[in-house]
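Worksheet: the structure to be examined is printed underneath.
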Protein chains: 2
Amino acid sequence: MTYVPSRDLLAQALAGSSRAAGRLISRAEQGAEEARPTLAEVYRRAGRAHRIGLTGVPGSGKSTLVCRLAASLRAQGRRVGIVAIDPSSPYSGGAILGDRVRMTELANDPGVFIRSMATHGATGGMTHAALDAADILDAAGFDVIIIETVGVGQDEVEIAKAADTTIVVSAPGLGDEIQAIKAGILEIADIHVVSKCDRDDADRTITDLKQMLTLGALTALRDGQGRPLWTIPVIGLSSYTGQGIDELLAAIGRHGATLAATALGAQRRERVAAFRLAKTAETLLVERFRRAAQALALPLSQQLSRRDTDPYSAARSLIDQTIAKEFSP
Amino acid sequence: MTYVPSRDLLAQALAGSSRAAGRLISRAEQGAEEARPTLAEVYRRAGRAHRIGLTGVPGSGKSTLVCRLAASLRAQGRRVGIVAIDPSSPYSGGAILGDRVRMTELANDPGVFIRSMATHGATGGMTHAALDAADILDAAGFDVIIIETVGVGQDEVEIAKAADTTIVVSAPGLGDEIQAIKAGILEIADIHVVSKCDRDDADRTITDLKQMLTLGALTALRDGQGRPLWTIPVIGLSSYTGQGIDELLAAIGRHGATLAATALGAQRRERVAAFRLAKTAETLLVERFRRAAQALALPLSQQLSRRDTDPYSAARSLIDQTIAKEFSP
């Protein structure tokens, strides 16, 4: 594959090439320096699409739901971009795919773009790469961008939250450990979905969830004066029978309209921008630090492995040396 | 509760007070500045215990296995410290505990210390807090420290890897999504456990796992010349029947002896020290950056939310301003 400059890939993506969009996403994922001016331009061009963050614990049926949702949005004539943040395999060197295979039915539709991103090896960098990917698809004219993450791990949860509309998927019949994880993500939802509602124990799950939300004061989004602007719905859904899909689509539409019509919209945009600024700055800072610290770390880490120093003193010394070398004018 | 200086808590912990050890762990978890000189001293005093990192996907039966393991180690007369990294609940403000309740049988044994740490709200900070917790228990005289994490998320995997002996738990009968996550953690194991071996499908899981390990060249740990120093065992185990527990204990002992007798020991200590230095330095750097950047970020994030700038330019500007303010001499 010949090397194409990122700005040319962007021009091709804007002209409708999904392949070019995909290659540009790869550059973002690699943290390629060369791509950054282009990604900066992408950001300025983006902001039109409805971004949906979708998260839930492993086994909650997120990917199947994403397929259903994408198919319904396609039936309305909307172009759909999907960014799935997946744990990676050490074997393929990239994202792998149990669930992705279910997406093949959509994969041949040119109005759908599906991209799996690996989390392996990335620290923080994944977060802003995923947000760059959403911007690329947004600028390339996709109407709805769905970002799917596993709802475990700080970064994964934050990515799902950095959307216009965040959907949290719960499922009946998961074990204690999984339910405990779930509790940590309930607070980020604009819309709750209980999946697998063809199962007998789904009603119980819906009742329990509603009770948890009431206990946690998580039933509505409010303005600065505490007035409710959005009541957080709990939607029972079955990807198998199709029950609840229309209700979910309607709720997504209503939530979008509420953002446009009330103070929630500006609130949300500012929250997402503040998060993105912080995350990008921290990622760039740590990248720069790591590069510069590499040559200085070995004697300190050897002392540390002999317990001749301690992590705090060694870290402070590494920071001071690195700043003197890299950050001083 | 009256405020006790951290150095006094350490003195009490060294004299055998588990309560004082627990309070000192809380200080580490909060990132309390006051505790840092004490934690530095803790590090220098630690290094005697055998540290076991234990990880696996949700639903693999990790906590039950930890209980079994702790009970067997107690039967050998060894003191056991357990640090469990748990997703947190927004309701309790701390770690919650489906699985922890199973640990109550051990909780009344003064030779066992169990601590759940929350991951909620922590970014990176959790990693070095967990390692500080292990050091505190090590310095306080616990013979074996088990650090249990959910094998999802970069930080959780890294914590499990920063141990003398890392155990990865797999279970039969989990779904595609969970198996995909599992693939990302196979490479860190010194010992593999397949849990729930009372189930019919366990043999199949063991066969599949062995095949994946062979394909991935993950069957042995080697020295610099490629000579195998440790063959990575795959142990079928049932916490329900007790099958395999003795075999696991023997493997842990053998792995510890291999570390002591071969180049693997120094290799491992250096890897863990390098990781710890990097993680601590990055955490302290980002902490300091965040504090200083807070006052400078708002105008930039407002520009960003209007898409009048882009994340990369805004982040660079924030880094430059913050360095000029905070990091210059």
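Lettering of chains follows the sequences in order, A, B, ..., and the numbering in each one begins at 1.
Of the residues considered (B:Pro311, B:Ser305, B:Ser301, B:Ala281), B:Pro311 shows the highest number of contacts with chain A, using heavy-atom pairs under 4.5 Å. Looking only at heavy-atom pairs under 4.5 Å with chain B, the residue among A:Ala293, A:Ala314, A:Ala278, A:Gly47 that has the most is A:Gly47. With chain A as the partner, the residue from B:Val272, B:Thr280, B:Leu131 showing the most heavy-atom pairs under 4.5 Å is B:Thr280. Per-residue heavy-atom pair counts under 4.5 Å with chain B were compared for A:Arg36, A:Gln303, A:Arg288, and the maximum is reached by A:Arg36.
Of the atoms belonging to B:Leu300, heavy atoms from both backbone and side chain fall under 4.5 Å from chain A. Within the 4.5 angstrom heavy-atom criterion, atoms from both the backbone and the side chain of A:Ala46 approach chain B. Proximity to chain B (any heavy atom under 4.5 Å) is shown, for A:Arg271, by neither the backbone nor the side chain. A:Leu285 touches chain B through backbone and side chain together, each having a heavy atom under 4.5 Å away. Looking at A:Gln302, there are no atoms closer than 4.5 Å to chain B (heavy atoms on both sides), in backbone or side chain. Heavy atoms closer than 4.5 Å to chain B are found in both the backbone and the side chain of A:Thr309. With a 4.5 angstrom heavy-atom cutoff, A:Asp308 touches chain B only via backbone atoms. When heavy atoms are compared at a cutoff of 4.5 Å, A:Leu318 approaches chain B solely by way of its side chain, counted from C-beta outward. For A:Ala297, the parts lying near chain B are the backbone and the side chain together; criterion is any non-hydrogen pair under 4.5 Å.
In plain terms, the two heavy atoms of A:Ala315 and B:Leu284 that are nearest each other are CB-CD1, 3.9 Å. What you find for A:Ala273 and B:Leu304 is that their closest heavy atoms are O-CD2, 3.5 Å.
To the nearest 0.5 angstrom, A:Arg306 atom CZ is 11.5 Å from B:Arg44 atom CZ. We find the CG-CZ distance between A:Asp310 and B:Arg276 to be 9.0 Å, quoted to the nearest 0.5 Å.
For CD of B:Gln294, the number of neighbouring non-hydrogen atoms (other residues, nucleotides, ligands) closer than 6.0 Å is 12 at most.
Salt bridge present: B:Arg307 and A:Asp135 bring a charged side-chain N and a carboxylate O closer than 4.0 Å.
Between the side chain of A:Tyr43 and the backbone N or O of B:Tyr312, no donor-acceptor pair lies under 3.5 Å.
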